Protein chains: 4
Amino acid sequence: MKNSFGNNVILTLFGESHGPAVGAVIDGLSPGIPVDESFIAFQLDLRRPLDGLGTARRERDRFSIVSGVYRGLTTGAPLCVMIPNEDARSGDYAGLEDLPRPGHADYAARCRYGGFRDPRGGGRFSGRLTAPIVAAGAVVIPALRAKGILIGTHILRCGGMADRPFAEDPAADIDALSRRPFAVLDEAAGEAMGRRIRQAAEKGDSVGGVLETAVVGLPAGVGEPWFDTVEGSLSHALFSIPAVKGVQFGAAFDMADAPGSSFNDPFHVENGRVVTATNHNGGVNGGLTNGMPVVFRCMVKPTPSIRLPQRTVDLGRMEDATLELSGRHDPCILPRARVVADSVTALVLCDLLTGRYGADYLGGAGQ
Amino acid sequence: MKNSFGNNVILTLFGESHGPAVGAVIDGLSPGIPVDESFIAFQLDLRRPLDGLGTARRERDRFSIVSGVYRGLTTGAPLCVMIPNEDARSGDYAGLEDLPRPGHADYAARCRYGGFRDPRGGGRFSGRLTAPIVAAGAVVIPALRAKGILIGTHILRCGGMADRPFAEDPAADIDALSRRPFAVLDEAAGEAMGRRIRQAAEKGDSVGGVLETAVVGLPAGVGEPWFDTVEGSLSHALFSIPAVKGVQFGAAFDMADAPGSSFNDPFHVENGRVVTATNHNGGVNGGLTNGMPVVFRCMVKPTPSIRLPQRTVDLGRMEDATLELSGRHDPCILPRARVVADSVTALVLCDLLTGRYGADYLGGAGQ
Amino acid sequence: MKNSFGNNVILTLFGESHGPAVGAVIDGLSPGIPVDESFIAFQLDLRRPLDGLGTARRERDRFSIVSGVYRGLTTGAPLCVMIPNEDARSGDYAGLEDLPRPGHADYAARCRYGGFRDPRGGGRFSGRLTAPIVAAGAVVIPALRAKGILIGTHILRCGGMADRPFAEDPAADIDALSRRPFAVLDEAAGEAMGRRIRQAAEKGDSVGGVLETAVVGLPAGVGEPWFDTVEGSLSHALFSIPAVKGVQFGAAFDMADAPGSSFNDPFHVENGRVVTATNHNGGVNGGLTNGMPVVFRCMVKPTPSIRLPQRTVDLGRMEDATLELSGRHDPCILPRARVVADSVTALVLCDLLTGRYGADYLGGAGQ
Amino acid sequence: MKNSFGNNVILTLFGESHGPAVGAVIDGLSPGIPVDESFIAFQLDLRRPLDGLGTARRERDRFSIVSGVYRGLTTGAPLCVMIPNEDARSGDYAGLEDLPRPGHADYAARCRYGGFRDPRGGGRFSGRLTAPIVAAGAVVIPALRAKGILIGTHILRCGGMADRPFAEDPAADIDALSRRPFAVLDEAAGEAMGRRIRQAAEKGDSVGGVLETAVVGLPAGVGEPWFDTVEGSLSHALFSIPAVKGVQFGAAFDMADAPGSSFNDPFHVENGRVVTATNHNGGVNGGLTNGMPVVFRCMVKPTPSIRLPQRTVDLGRMEDATLELSGRHDPCILPRARVVADSVTALVLCDLLTGRYGADYLGGAGQ
């Protein structure tokens with residue numbers, strides 16, 4: 001599938017950082033999903049850099065829906081959303097084609113595409129490509145919400161500072177996050193993170209961290225045991241979020257040394273429903289949802305584009321060289337990545353739910 | 001795809017723990033790959049429980065190749081390998097259908113499949129299904145080796161004990177591991193792990209840990225930027241290994257708080273080849289291989305089937321209950337899972353390489 | 001996908017004509033479908049050669065279900081069915097490896113697989129591979145019937161002799177065909193066809209013809225406009241039936257010169273239901289079912305394996321040569337192919353219906 | 001996959017007849033393919049209606065390439081091409097939502113999408129969607145030509161008039177067709193067809209016919225035996241061309257009653273190459289190319305949108321009704337469909353060739 005994911009709801013991504021536009025096609029949407037353009041704009045806003053915490057590139061993200069929507073509702077045909085690139089400064093990249101940036105895709109991409117790729121602004125590998133993912137996610141997030149399925153992501157760790165983890169029932173936390181531009185549960189932790197990001201920016205350096213995502217309201221019994229597990233399907237797509245280098249479900253890392261007797265989540269009956277007393281498995285057993293919140297973490301490396309001088313090679317001369325980047329870069333991707341994580345999660349879940357419950361599941365089939 | 005993975009080399013898995021056999025079909029193999037049945041047997045041996053460290057179930061794993069091989073070479077047609085189940089004791093599971101095991105798939109599977117699933121021995125969710133994965137992997141591992149691509153996995157952490165990580169150039173470590181039934185680099189660490197596993201077994205409990213896998217010899221420029229990244233493609237399949245709850249590439253966790261200036265891997269020229277001085281990115285940039293070793297870790301939770309009494313629910317009566325398991329279970333899955341990780345990795349890489357270089361890449365097209 | 005088809009219900013085929021067995025894996029079946037082994041045997045019987053009308057190879061087709069069924073019902077896990085090859089005589093093919101049979105896959109296969117393919121009995125290209133397709137079809141045909149969806153195929157034309165076409169409402173015809181070993185609606189036409197087949201066999205020659213298939217009871221609105229149309233999805237799989245060289249829906253050929261005013265099927269209301277007065281479109285408009293019977297025809301070329309001397313080349317010496325085949329061959333594939341057409345049709349429809357209505361659609365989810 | 005086709009080169013189609021634009025994304029293109037915008041414009045011109053022979057709707061088809069091309073060459077990233085809709089007159093369709101056009105998708109689409117589809121101008125089901133298919137085809141046709149692979153389509157039959165079939169070696173015919181706006185080999189036949197089309201148009205009626213396509217220069221051994229055969233892969237996509245109701249390869253229909261001894265194509269050696277004396281199999285044996293020209297025919301029904309009064313139903317009142325269409329319609333789709341057939345064929349072949357020979361096959365990897 002290459003630049004797509006999904007079996008029943010399929011996202012295909014196109015565009016480059018400095019081309020005329022970036023965009024996405026979502027195929028397999030149920031007909032009758034209300035499309036709220038102001039919510040798409042709101043979500044794209046969450047992805048935009050915060051003052052002092054992100055790149056100086058300022059895109060207005062004036063998206064347009066090219067297909068698949070009629071009278072404000074999805075039709076069931078592929079929905080194409082386009083976002084023009086308006087503030088591209090390709091000159092910033094002049095002279096760097098032969099100097100691959102450490103930690104970046106430049107060198108690997110040259111091995112993959114020969115001399116043919118578009119290098120401007122990172123081309124195909126730019127974080128700019130996450131904008132249409134967010135727009136696509138904003139089409140389906142309200143449809144999931146209408147089914148009682150809520151998704152939220154916060155910055156659990158950033159530059160050495162820690163937020164508190166999600167509460168056992170994350171519904172209230174998700175609700176609070178949906179209104180916060182800087183996604184933390186503990187606002188004091190967020191301020192400390194902001195200071196670390198600004199310090200890194202001043203030095204021309206960058207910081208990474210950890211995102212934590214929670215989903216509540218999923219029915220039990222969604223997913224496949226081999227190989228389209230909930231974990232495998234989500235991670236397949238999540239690893240495309242630039243800088244994500246690890247994905248873990250539940251408490252795997254915190255409890256690496258715990259015995260099975262502590263890690264297993266005992267079942268009990270609560271108000272006539274089967275629930276677990278703890279959620280160390282992150283809501284997934286045997287690749288299937290078990291009805292508890294699905295909780296996972298994405299490890300995000302520090303953004304590779306930094307202004308500090310770095311050692312690299314000159315690929316033309318095949319000799320060692322030093323790289324000093326100018327250009328506009330994010331010292332930390334986490335504040336912007338949280339809405340990307342929400343969006344990817346929403347799209348993967350729509351795919352799994354549509355496969356399980358049929359092509360009309362998310363829409364207004366009753367009309 | 002559900003019970004399959006891959007675009008060009010595709011594995012499809014079938015069978016249940018206590019059915020007549022488990023098996024796999026591999027489609028898309030290049031014609032002309034030598035199939036070494038003694039190596040398949042050797043790899044299946046690595047998956048079998050070690051004395052005192054695993055389940056008492058003893059399967060001889062007498063596999064047979066049903067199709068796709070002629071005169072000892074792959075033909076290019078689907079290769080089906082079958083492994084009969086010979087030591088199933090379904091009686092051990094009698095009376096447990098209504099008592100889902102905590103941490104196990106039982107409850108989620110009932111929500112997915114209604115009352116129709118085969119519950120004997122975990123049915124479709126049993127680790128027994130990894131046997132045909134190992135047999136399939138053993139078909140392609142030598143073909144990768146013939147291309148200079150080597151794969152190895154060791155137990156980095158188990159029950160609180162740590163092995164040393166892979167050396168910067170893991171080739172020698174991979175070679176050593178290929179001959180060790182208990183996969184550690186530091187044999188003293190292995191003995192300590194063995195003691196912890198036996199202690200857990202005596203208590204009727206279980207332990208988990210971390211596997212570390214390394215791949216050397218991959219060409220640079222394999223993978224896709226969105227969404228069939230190397231990380232996403234590998235993790236999609238790795239999360240199907242029972243008990244794997246996290247996958248991370250490179251040094252993401254060890255260096256969570258490091259700045260970009262430390263995390264980025266500087267390039268330099270060495271013997272006319274572009275290499276990096278460090279490998280914090282685990283051999284993958286922008287979703288593509290960069291020619292350095294691909295290194296990743298799988299977090300493995302403690303096996304959920306334990307003999308200690310556990311709280312659960314009686315799904316027939318919808319009331320709380322206590323579960324006391326007898327049956328034969330692994331107190332720790334790590335010693336057996338290492339060869340499964342190698343096999344899954346090999347199959348995913350064959351898929352990516354075949355897509356990149358064509359249908360004859362791994363075989364003997366020159367004949 | 002190569003040796004598989006389907007998005008939600010996926011058939012994967014394996015085996016060779018003279019290997020130990022042929023088989024299929026069906027993934028994505030709803031849980032709770034009753035599996036009737038005597039019906040599988042009955043359908044496999046329909047595929048066996050009739051006395052004097054087919055090959056002398058006599059396979060008992062003693063299938064076994066390896067996975068995916070528990071207590072007589074599908075579990076929702078992949079169902080693997082295996083059929084051993086018991087009457088293979090590979091000696092019949094000795095000395096023919098360098099002499100490709102005209103009209104057969106031999107030469108093309110050598111170009112595709114080099115010298116590595118299994119040539120015995122046609123190997124992977126043998127009609128023997130249709131046996132597991134029939135077994136797989138026999139699992140789902142009763143599940144469709146339980147939904148009111150009936151499928152039948154007859155020999156519309158064979159060796160120059162014509163059967164009458166399906167009645168406007170083909171339900172009674174389908175019912176009659178289900179009990180006839182030689183699938184014609186007009187038994188006198190069938191006797192004439194039988195004579196032609198025997199005449200061809202006596203001369204060492206072969207004959208072809210046309211199969212006509214009808215499906216009643218499909219809901220309207222199944223399929224996709226681009227590109228998983230009902231026509232495209234069916235034809236994709238139908239062209240794999242050996243010797244099928246054309247697929248047409250409705251009256252395309254009979255009415256090639258008719259104007260739109262005759263070809264369009266006018267709608268009217270009948271008993272509160274929308275129906276069409278004619279069915280020239282074969283039950284499909286814009287790639288979607290319209291609720292009328294789906295009717296299509298497969299053009300079947302004369303079987304290429306004939307005993308008459310034929311011109312070919314010696315690929316070893318690269319010079320012209322003459323081929324005289326002995327061995328056991330079918331002078332006409334149509335009598336055996338009708339149940340293969342039914343089976344392929346059933347599997348494709350299950351795939352489309354499961355994608356449309358969800359993973360439990362065909363099973364017993366209510367249990 | 002729904003609105004996409006291909007495994008390695010994948011086309012995804014979006015847009016509606018009266019939406020802002022129609023477009024396509026092609027993923028999996030080799031890097032380094034020269035993109036000739038004037039050839040794209042030339043091919044789009046071939047698809048535009050000829051005076052008096054097609055709809056009065058006049059689209060300028062001012063396409064733009066949104067992504068995947070840099071400095072005139074493909075980059076290997078998804079190529080998105082967009083074509084605005086400029087001459088849509090949605091008023092023509094007012095009042096017709098409840099009156100499904102006979103032979104058209106209207107009724108089936110309502111059953112599939114409920115009341116949510118975009119009905120204007122046929123919406124998703126309009127022939128307008130073939131414009132981006134032609135643009136996408138125009139990207140890859142020159143890349144195939146650079147490999148010696150030539151594709152051409154002519155109108156074999158139209159409104160009862162017949163063109164001569166392709167010559168045994170169709171290369172010269174293909175070359176001649178590439179310059180003819182009305183695609184016939186015998187220009188007198190073309191004039192007769194034109195008269196029939198105009199007669200039908202005057203009566204408010206329409207005519208159909210048969211397209212014949214030939215491909216020369218394909219290597220032998222491309223395709224899969226089950227189920228991604230050359231025939232199955234091509235037909236899957238060809239059936240999406242609006243009004244195509246049948247696809248046949250080689251001489252299946254002309255020789256329906258011929259014995260195997262006439263139909264089989266004898267091999268012989270010619271200039272050191274294996275060729276066949278005849279090509280009744282249309283260049284495909286066992287699902288694989290055999291090195292001879294691939295030749296197939298598409299049966300095209302008369303266009304369903306006609307001005308003559310037709311019987312239909314009023315879906316609001318559920319009673320019989322009469323439909324009188326105004327609007328702008330094609331009395332015959334064949335003159336415009338020939339370039340669509342070429343384009344679909346080119347895209348399917350790129351997919352098969354890229355799967356066989358790797359991701360760089362069609363591009364300029366040597367640069």
Side-chain angles (χ1 to χ4, degrees), chain C residues 2-3 5 13 100 102-103 105 107-108 111-112 124-125 160 200 205-207 220-221 224-229 231-232 235-237 239-240 245-246 248-250 252 257 259-261 263-269 274 285-286 288 290 299 301-304 306 308 310-313 318-320, chain D residues 2-3 5 13 100 102-103 105 107-108 111-112 124-125 160 200 205-207 220-221 224-229 231-232 235-237 239-240 245-246 248-250 252 257 259-261 263-269 274 285-286 288 290 299 301-304 306 308 310-313 318-320:
Chain C
K2 301 186 172 71
N3 289 279
F5 68 86
L13 196 64
Y107 173 68
C111 297
R112 172 74 175 80
R124 181 81 189 139
F125 293 86
D205 211 336
S206 64
V207 294
E224 301 288 334
W226 316 83
F227 291 90
D228 284 356
T229 61
E231 296 110 322
S235 68
H236 191 145
F239 272 114
S240 285
K245 295 297 282 186
Q248 71 161 82
F249 286 79
D257 297 332
S261 53
F263 195 92
N264 285 351
D265 300 308
F267 292 106
H268 65 102
V269 177
V274 176
N285 289 137
L288 313 179
N290 66 9
M299 313 297 135
K301 70 173 187 176
T303 38
I306 59 177
L308 286 172
Q310 297 184 86
R311 288 157 49 209
T312 187
V313 294
M318 277 303 274
E319 63 185 30
D320 291 357
Chain D
K2 301 187 172 70
N3 290 277
F5 68 86
L13 195 64
Y107 173 70
C111 297
R112 172 74 174 80
R124 181 81 189 139
F125 293 86
D205 211 335
S206 64
V207 293
E224 301 288 334
W226 316 82
F227 291 91
D228 283 356
T229 61
E231 296 110 323
S235 68
H236 191 145
F239 271 114
S240 285
K245 295 296 282 186
Q248 71 162 80
F249 286 79
D257 296 332
S261 54
F263 194 92
N264 285 351
D265 301 308
F267 292 106
H268 65 103
V269 177
V274 175
N285 289 136
L288 312 179
N290 66 9
M299 314 296 135
K301 71 172 186 175
T303 37
I306 59 177
L308 285 172
Q310 297 183 85
R311 289 159 47 210
T312 186
V313 294
M318 277 303 275
E319 63 184 30
D320 291 356

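Hydrogens, waters and symmetry mates play no part in the numbers below; they use all other heavy atoms, side chains included. Fair warning: this is a prediction, and the values are worked out from it, not measured in the lab. Residue numbering restarts at 1 for every chain, and letters A, B, ... go by the order of the sequence lines.
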* When C/Gly160, C/Gly250, C/Gly260, C/Ala237 are compared by non-hydrogen pairs under 4.5 Å with chain D, the top option -> C/Gly260
* **Contact winner vs chain C - D/Leu308, D/Thr229, D/Asp205, heavy-atom pairs under 4.5 Å** => D/Asp205
* What residue, out of C/Pro102, C/Ala200, C/Gly246, C/Ala220, has the most heavy-atom pairs lying under 4.5 Å from chain D? -> C/Pro102
* **Nearest heavy-atom neighbours spanning C/Leu288 and D/Arg112** => CD1-CB, 3.8 Å
* Asked: What pairs with C/Ser235 under side chain to side chain donor-acceptor pair (under 3.5 Å), at least two apart in sequence or on another chain?
  -> D/Ser235
* Asked: Under a 4.5 Å heavy-atom cut-off, does chain C meet the side chain of D/Gln310, its backbone, both or neither?
  -> side chain
* Heavy-atom distances under 4.5 Å only: say whether C/Met318 touches chain D with side chain, backbone, both or neither. => both
* Report yes if some heavy atom in the side chain of D/Phe125 is under 4.5 Å from a heavy atom in the side chain of C/Asn285; otherwise report no. => no
* Among the listed options C/Ser240, C/Cys111, C/Ala105, the residue most often paired with chain D at heavy-atom distances under 4.5 Å -> C/Ser240
* **Partner chain D: residue of C/Ile306, C/Thr303, C/Asn264 with the largest heavy-atom pair count (under 4.5 Å)** => C/Asn264
* Structure fact -> Rounded to the nearest 0.5 Å, the OG1 atom of D/Thr312 sits from the CZ atom of C/Phe267 at a distance of 5.5 Å
* What is the minimum heavy-atom distance between C/Arg124 and D/Pro225, and which atoms define it? -> CG-CG, 3.9 Å
* Asked: Taking only residues two or more places apart in sequence, or in another chain, which ones meet D/Asp320 in a salt bridge (Lys or Arg N to Asp or Glu O under 4.0 Å)?
  -> none
* Which atoms of C/Asp265 approach chain D - backbone, side chain, both or neither, heavy atom under 4.5 Å -> backbone
* Among D/His236, D/Glu224, D/His268, who wins on heavy-atom pairs under 4.5 Å with chain C? -> D/His236
